[in-house]
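Okay, structure first, notes after.
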Amino acid sequence: MSLRAFARPLASILAAAASAMPAAAAVPRCGTVEVWDLSGLPLLPFGGEVLGASTIEGTIVGTTVNVTFRADEPFSAADFAFQMVIPVSQIAEFVSFSFWGQELGWSGAGVFSAELTTDAFNGFVSPGDQPFFTWFAVMANTNFEGGPIRGELLDLRYSFRFDHCPRGDMNCDGAVNNFDIDPFVLALIDPAGYAAAFPDCTPSGDMNNDSRFDNFDIDPFVACVILGGC
């Protein structure tokens, strides 16, 4: 069975599991990078699926995949393939991105690395009215005659970059409200302190669109938060 052929049956199973669980609040993301670190994931000798769940919500605008795989003899790194599958835009169809040792020029035993970028996952991800959205990864040995997969996933990280936040969203939670007041003030008077408090947040305090963040942004920010004037 091909890597992609796993998507449809698993989608139905995972959707049923999610609907049977109590709802949980989504975790909004904007202006940040969400890293799924699968380093050290146990290898499945002849392939199989790894299931997961996430409550993040936001619009993905780009993904970077970092992988370092050690192939131990007699297994050849050319025969190792990996596919990540997630739902985008809350549709039944899953989207995926794969890498295959042979396509990357890997061969034989040793340590092999790659950094890949993809727009395959671009779109809106959200648990919606479910407690989570489900994702799965498919690990494959593309040459059974070469024996079981031997080695280790020394590094495997999927870094999802989320679209910029709305103007005034200073805590990067996807909304502009009273919770943004303290971060706004902190960013204005102590930029280093703001960066330390919100290390993964890209601030959006330029309220008057003059390409600067300063005292002239205070009144538009107040209007945005209190009067709904964004």
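Just the heavy atoms: all of them, side chains too, but no hydrogens, waters or symmetry mates, feed the values below.
- For Ser113 (side chain) and Thr68 (main-chain N/O), no donor-acceptor pair under 3.5 Å exists by modelled atom type.
- Put simply, Phe97 and Val50 are part of the same group of oily side chains (I, L, V, M, F, W, Y) that touch within less than 4.5 Å, one to the next.
- Nearest heavy-atom pair, Met207 versus Gly168, reported as atom, atom and distance to 0.1 Å: SD-N, 3.4 Å.
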- request: List the steps, then state whether side chain to side chain contact (heavy atoms under 4.5 Å, CB included) holds for Leu38 with Phe82.
  value: CA-CA 12 Å; Leu38 305 181; Phe82 196 90; 4.3 Å; yes

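- In this structure, CD1 in Ile56 is found 14.0 Å from CZ in Phe132, a value given to the nearest 0.5 Å.
- For the side-chain contact (heavy atoms from CB on, under 4.5 Å) with Ser96, the qualifying choice from Ile86, Thr118, Val85, Val138 is Val85, the only one to do so.
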- request: Show your working on side chain to side chain contact (heavy atoms under 4.5 Å, CB included) between Leu51 and Thr134 and close with a plain yes or no.
  value: CA-CA 8 Å; Leu51 309 181; Thr134 51; over 6 Å; no

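- The heavy-atom pair separating Asp180 from Asn171 by the smallest distance is OD1-OD1, 2.7 Å.
- Asp119 places no side-chain N or O within donor-acceptor distance of the main-chain N or O of Asn122, the cut-off being under 3.5 Å.
- Listed for the Asp206 side chain is a donor-acceptor partner under 3.5 Å among the backbone atoms of Asp210.
- At distances below 3.5 Å, at least one donor-acceptor pair connects side-chain atoms of Ser204 with backbone N or O atoms of Pro166.
- Pairing each heavy atom of Trp106 with each of Ala114, the nearest pair is CZ2-CB, 4.2 Å.
- Counting all heavy atoms, side chain and backbone alike, Ser39 lies closest to Leu154 at CB-O, 3.7 Å.
- One finds the CE atom of Met170 at 7.0 Å from the SG atom of Cys201 (value rounded to the nearest 0.5 Å).
- Ile60 CD1 to Arg161 CZ: the interatomic distance, rounded to the nearest 0.5 Å, is 11.0 Å.
- Looking only at distances, a side-chain donor or acceptor of Thr142 sits under 3.5 Å from a matching main-chain atom of Asp79.
- Ring pair Phe99/Phe80 is tilted by interplanar angle, where 30° to 60° counts as tilted.
- Side-chain atoms of Ser159 never come within 3.5 Å of backbone atoms of Val35 as a donor-acceptor pair (strictly under, hydrogens ignored).
- Residues Ile226 and Ile218 fall within the same hydrophobic cluster, defined by Ile, Leu, Val, Met, Phe, Trp and Tyr side chains chained together at heavy-atom separations under 4.5 Å.
- How far CD of Glu34 is from OG of Ser54: 6.0 Å, rounded to the nearest 0.5 Å.
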- prompt: Do Val225 and Asn177 pass the side chain to side chain contact (heavy atoms under 4.5 Å, CB included) test, and can you show the C-alpha distance, the side-chain angles, and the key distance before you say yes or no?
  reply: CA-CA 5 Å; Val225 174; Asn177 50 39; 5.6 Å; no

field: Worked check of disulfide bond (SG atoms under 2.5 Å apart) between Cys30 and Cys165
entry: CA-CA 5 Å; Cys30 64; Cys165 296; 2.1 Å; yes

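- Residues Pro183 and Phe198 are in side-chain contact: their nearest non-hydrogen atoms beyond the backbone lie under 4.5 Å apart.
- With values rounded to the nearest 0.5 angstrom, Phe160 atom CZ is found 12.0 Å from Thr32 atom OG1.
- Rounding to the nearest 0.5 Å gives a distance of 6.0 Å between CG of Leu104 and CG of Leu116.
- One finds a salt bridge joining Asp155 and Arg157 here, because a Lys/Arg side-chain nitrogen approaches an Asp/Glu carboxylate oxygen to under 4.0 Å.
- Using cut-offs of 30° and 60° on the angle between ring planes, the pair Phe69 and Phe75 is perpendicular.
- Between Tyr158 and Phe121, the ring planes lie perpendicular to each other; the angle is over 60°, past the 30° to 60° tilted range.
- A ring-centre distance under 6.0 Å is found for Trp36 and Trp135.
- Put simply, the side chain of Asp169 gets close to the backbone of Asp173: a donor and an acceptor are under 3.5 Å apart.
- Checked against the 6.0 Å centroid criterion, the rings of Phe213 and Tyr194 do not qualify as a close aromatic pair.
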message: Would Leu153 and Leu156 count as a side chain to side chain contact (heavy atoms under 4.5 Å, CB included) here? Give the steps.
response: CA-CA 7 Å; Leu153 276 168; Leu156 181 56; 4.0 Å; yes

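- Between the side chain of Arg29 and the backbone N or O of Glu57 there is no donor-acceptor pair closer than 3.5 Å.
- Of all heavy-atom pairs spanning Met139 and Leu41, the tightest one is CE-CD2, 3.9 Å.
- Looking at heavy atoms from C-beta onward, Phe162 lies out of side-chain contact with Val33 at the 4.5 angstrom threshold.
- Nearest heavy atom pair, residue Thr117 against residue Thr64, reads CG2-OG1, 3.9 Å.
- The ring pair (Phe, Tyr, Trp, His ring centres under 6.0 Å) pairs that include a residue from residues 38-59 are Phe46-Phe144, where partners are two or more places apart or lie in different chains.
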